[in-house]
Structure formats: C-alpha cells, structure tokens
There are 2 protein chains.
Amino acid sequence: MAMPTDLKLDPRPLYAQVRELLTRRISSGALRPGAPLPSELQIAADLGVSHGTVRKALDALAIEGLVVRRQGKGTFVVEQTPQDVHFRFFNIYTADGRKVIPDSRETRIKTAKATVVERRRLAIDTGARVVRLRRIRTHGDQPFISETIVIPEARFPGLAEHKTIPNTLYDLYQAEFGVLVVRAEDQLEPVVADKNVSSQLAIAEGAPLMRIERVAFGLDNCPVEWRSSLCNLAGLQYVAHLGQGMAPA
Amino acid sequence: MAMPTDLKLDPRPLYAQVRELLTRRISSGALRPGAPLPSELQIAADLGVSHGTVRKALDALAIEGLVVRRQGKGTFVVEQTPQDVHFRFFNIYTADGRKVIPDSRETRIKTAKATVVERRRLAIDTGARVVRLRRIRTHGDQPFISETIVIPEARFPGLAEHKTIPNTLYDLYQAEFGVLVVRAEDQLEPVVADKNVSSQLAIAEGAPLMRIERVAFGLDNCPVEWRSSLCNLAGLQYVAHLGQGMAPA
DNA sequence: CAGTGGTCTAGACCACGCG
DNA sequence: GCGTGGTCTAGACCACTGA
C-alpha cells in the first residue's frame, strides 16, 4: 500500500500512474478475479492523491473491461464468465440477428515445438513449446467450424493434461492461469472447402467457407492465443462493428 | 446560449444534458464541421454549470469522435477528411499488414423507389425514394470490389445530379449534406463468384468472394447508408478488432 | 502575453446495497 | 445507518498555441 518509487519524478500524469499500478496488481495476481479493490477513498489515502484522480484511473480501467464498478458495493476485478466471453468475443449471428451459441466436440490436445508461423503470431522464442487444441464446433448439432487453437505452454502449464476442456476458453484462461484476454484481432478471408475440411463439416468440396484467424491479447498487450477457424456459415453472418472509440494510432 | 428548459427538473445527470445539447447543436448544423466550440469556461458560464461538468461532456463527445480537442487552441467539430474516413471505416489489409487504398471507377447513379429490403435496412417508409450508386473499386489498377451503395434521397437531396463522385463518400456526406457517419455495422459472408460478378472482376466463376453488407449510422443513431459489396480479396484480409480499449502504458 | 485545454485538489451532496 | 460509487462545484496550477 505504500508509495513505490514516489510520484513527482515521473513525468506522466498521476492518474496514469495510478492506473498502471492497479493494472500491475491485477496482472500479477495480487488481486484475483472477482476480488474487490480497495475503495476510492482508501486508494486515495494510501497513495496520497485525491479522490478525483483515483476515480479517473478507475474509470479508465472500467472502460477497458479490466474492472467492474457497482454503485453501493465497490469496484471488482472482472471475472469473465462464459457469457461474458461469448458476448465480447463471439461474432457470428443468424440471419434474423440472434447470436449463435455453439457447442464443441471431438476436442483433441497435443503439445509440440512451435512452428515458424506460430512463433511469429505468438511472439515467442525459437524452441518454445505450444499447446495445440483442435475441435469441431456445432450449431444445433450441425458441425460448422473446424478450429485449431495454439497457446504458448509457458503461460498455460499443465493445460494439455486437462481431462475436460470447456466450450468457452477465455474464462478458463483467467480462472486457472490468471490470463485475462482483453482484446483480439480477427483476420477474415473467404476460401473454398478442400477435401479434408469438407468431410469434417459434411459439406461439398468447393463450398464457400470463411477462414478466421485470430490473435488474442492479454493484459500485458502480448499475444496469448492464436486460433485458425474454417467456418461453414451457410446463412449465418460474421458481424463487425466499426467507428466506436477508435483513435488514430 | 441561454438556458433552454432549465436544468434540475431533468432527472438525468447534468453532464449528460450538456452533452446532448452540444450534440444537437452539431447535428442541427448550428455548429458546422471544423467550427470551434465555445471554450470550456464559456460553455460553463453560459449554462450555469461548473468547468468540470462541461469537461466531462466534452470528453465524452471526443471519445465518440464527434469533436476534436486541441490543447492550447480549442475544441472543434470533427471535419472528416478522406484519410479519416479511410482510417475509421476501411478494414482491408495486405498480407504484410498494410492498409489497402482503393480507387473507384465506373460510378453510376440512379434514383428509384426503395425496395422492401432497402426500406428495412434504412428504416424508411413505404414509397420513399433512394439514390443507388454502383461502382467498381480497384487496388493497383486491378478491379477487386463490386459495390452498390443505397442512401435515402430525403437526406441527400440532389446528390444524384452530382457530376463527379469522390472516392470516399463519408466526407462528402458531411461536407455537402451535414450527415456525419459515426458508426457502422458490417455483416460478412463467404460466397462463390457467379457469372455476372466474375466478368466484372475478371475472375473465374466459382472463385471465393467475400460479401460485405454494411449499414452506416448517423449522429441521430439512424441508418443513413446501406452498401453491399462483393470482394475478391485474393490474399488480402478483412480485419476486425474485438474487445474495447487499447494498450496499457 | 492572454486564452485554451489538461491535470489535480478538497470538499459537498446524492443514490444505491446491505445489514 | 454506514460505506460504496456517482455527480457536481470552485479554484489552483501546468502545458501548449499563437499573436
């Protein structure tokens, strides 16, 4: 709770320093998912800054989705539920605008040395090992996505030995490994089904598929997952929102 | 500048009322694109609220992209340039991560009574007329997108008579018609090229294409444009960002 | 230099959740 | 009733812009 390297020699605004300090406490695991942060007045007193400065830092964390504020109760480290994950990171809708809720089957896990592509996508070193997870996702019992998920073994020790893997992964990442996914980038490309995937998804060769490649980022802004999916949308649609809260890079 | 219906009977927070009042002044055209807003202290004095309250309202408008703040100079109504539009609303990248800068050719314009689909997408009434704009977009002289753009004639009177149509439209919408696009929703779907589009884009029938349908929304949160594009991405990628917020310090 | 937005403070009161 | 976050005020000082 005490002052770390003390304040005024840092040229950045105070609220930015407070924000970063709290971010570190969360990413380090000192504040667990679901845990309450100290109250605004408490933090202000601890750090020797004013109420308003702490508020500005907490508001920023709330906007980033790192923290949840509840009037009358307190401020809590976000605890991703399968519903949260699905709401924030799943973008496929039916023609009448309802979100698709997929299931998973035939999940297989292996570990291996990372390939060149995997190392580049995940920004990891030569020789590092990864966990590869392959599965088929279904919508109303129809298989429609074949996906491969790759994560660095160093961040997820022991995941490959898990007996059962849940349908949504990001809540598992947070609860079991303290890895909070806050942002992701999808790259989309239309392709035609080859022989291999057409048998997996029970469709004709040459049918149009959507290839989605995603890199997901953690609190430290480093990649924590790469996944590549082939989707037989067949009347479903991938929906992207543009223009809200984007700032020039 | 005087107080309109006066403040305290409105149950909403003061800053929200200030924000809405300024939004109305912009969308009504009382404040033109590029025009300076009154200074924070001026607005505070005019409305009889404090500096901080005005600031909170202006910060919100800046985040929404409605307004641009420049330290030492003032706060200005956003003036969309072709570069802004391209940055915020164009999502196609080359394999090595550079944004594609397309050109347009063969632009054709007609007006007509809106079809059922157009009426639903644009939320306009039976019998309303629309302007339809068709064009081919190119990347390095290669045609790669065939698109149809539909806008309600009521919001864009006389656009159909324009001799020349620029490459980016949203800056034209704002400068000529006072329509500011602040948000859009893209629906993506992989398809295969039929005979018609394959000749337009000089590709083989059956080649994989990306179909992108977009509805763009104005300041009043109503749809102002519907566009449907068929894209021969051919190694290019559509990129979508998920989860809010950018990099920690 | 005066005027603008950006940061920070200290304190007030309100609205909510819960015992 | 008490502690929480949510709103609002009044005033201070800094950093930047441009005449």
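In the text below, chain A, chain B and the rest are named by the order of the sequence lines, each starting its count at 1.
- Side-chain contact between B:Asp125 and B:Arg119 is absent, with no heavy-atom pair separated by less than 4.5 Å.
- Using a 4.0 Å cut-off between a side-chain N of Lys or Arg and a carboxylate O of Asp or Glu, A:Glu40 and A:Arg69 qualify as a salt bridge.
- For A:Thr53, no side-chain nitrogen or oxygen approaches OP1 or OP2 of C:dC8 to under 4.0 Å.
- For the pair B:Lys56 and D:dT7, the criterion of a side-chain N or O lying under 4.0 Å from OP1 or OP2 is met.
- The interatomic distance linking B:Arg12 (CZ) with D:dG6 (C1') rounds to 16 Å, in whole Å.
- Residues passing the ring pair (Phe, Tyr, Trp, His ring centres under 6.0 Å) test with B:Phe177, sequence neighbours excluded: B:Phe156.
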So which protein nitrogen or oxygen atoms get under 3.5 Å of nucleotides 17-19 of chain C's nitrogens or oxygens?
unit_1	atom_1	unit_2	atom_2	d
C:dC18	OP1	A:Lys73	NZ	3.3

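- Taking 4.0 angstrom as the limit, A:Arg55 places a side-chain polar atom (N or O) nearer than this to OP1 or OP2 of D:dG6.
- OP1 or OP2 of C:dT4 has at least one side-chain nitrogen or oxygen of B:Ser39 nearer than 4.0 Å.
- The nearest whole Å value for the distance from the CD1 atom in A:Ile43 to the C1' atom in D:dT4 is 12 Å.
- For the pair A:Leu41 CG and C:dG11 C1', the interatomic distance rounds to 11 Å; values are reported in whole Å.
- Going from atom CZ of B:Arg70 over to atom C1' of D:dA15 covers 17 Å, rounded to whole Å.
- Among the nucleotides C:dT9, D:dA12, C:dA12, the one closest to any side-chain atom of A:Val49 is C:dT9.
- What separates CG of A:Leu58 from P of D:dT4 is a distance of 13 Å, to the nearest Å.
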Practice task
Kindly indicate, with the supporting measurements, whether the criterion salt bridge (Lys or Arg N to Asp or Glu O under 4.0 Å) is fulfilled by B:Arg214 and B:Glu147.
Solution key: CA-CA 11 Å; B:Arg214 166 182 297 181; B:Glu147 75 183 353; over 6 Å; no
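- Rounding to whole angstrom units, CG of residue B:Leu37 and P of C:dT4 are separated by 12 Å.
- For the pair B:Tyr15 and D:dT7, the criterion of a side-chain N or O lying under 4.0 Å from OP1 or OP2 is met.
- Rounded to whole Å, atom C1' of D:dT9 lies 14 Å from atom NE2 of A:His51.
- Whole-Å rounding puts the B:Gln42 CD to C:dG5 C1' distance at 15 Å.
- Although no hydrogens or angles enter the test, the distance criterion places a donor-acceptor pair under 3.5 Å between the side chain of B:Gln80 and the main chain of B:Val181.
- Partners of B:Ile101 by side-chain contact (heavy atoms from CB on, under 4.5 Å), not counting sequence neighbours, listed by chain and number: B:His86.
- A residue-by-residue look at B:Glu40 and A:Val54 shows that B:Glu40 has its nearest nucleotide of DNA chain C further toward the 5' end.
- Relative to the ring axis of B:Phe90, B:Lys99 does not place its NZ or CZ within 45° and under 6.0 Å from the centre.
- Applying the 4.0 Å criterion to OP1 and OP2 of D:dG6, one finds that A:Arg69 has a side-chain N or O inside that range.
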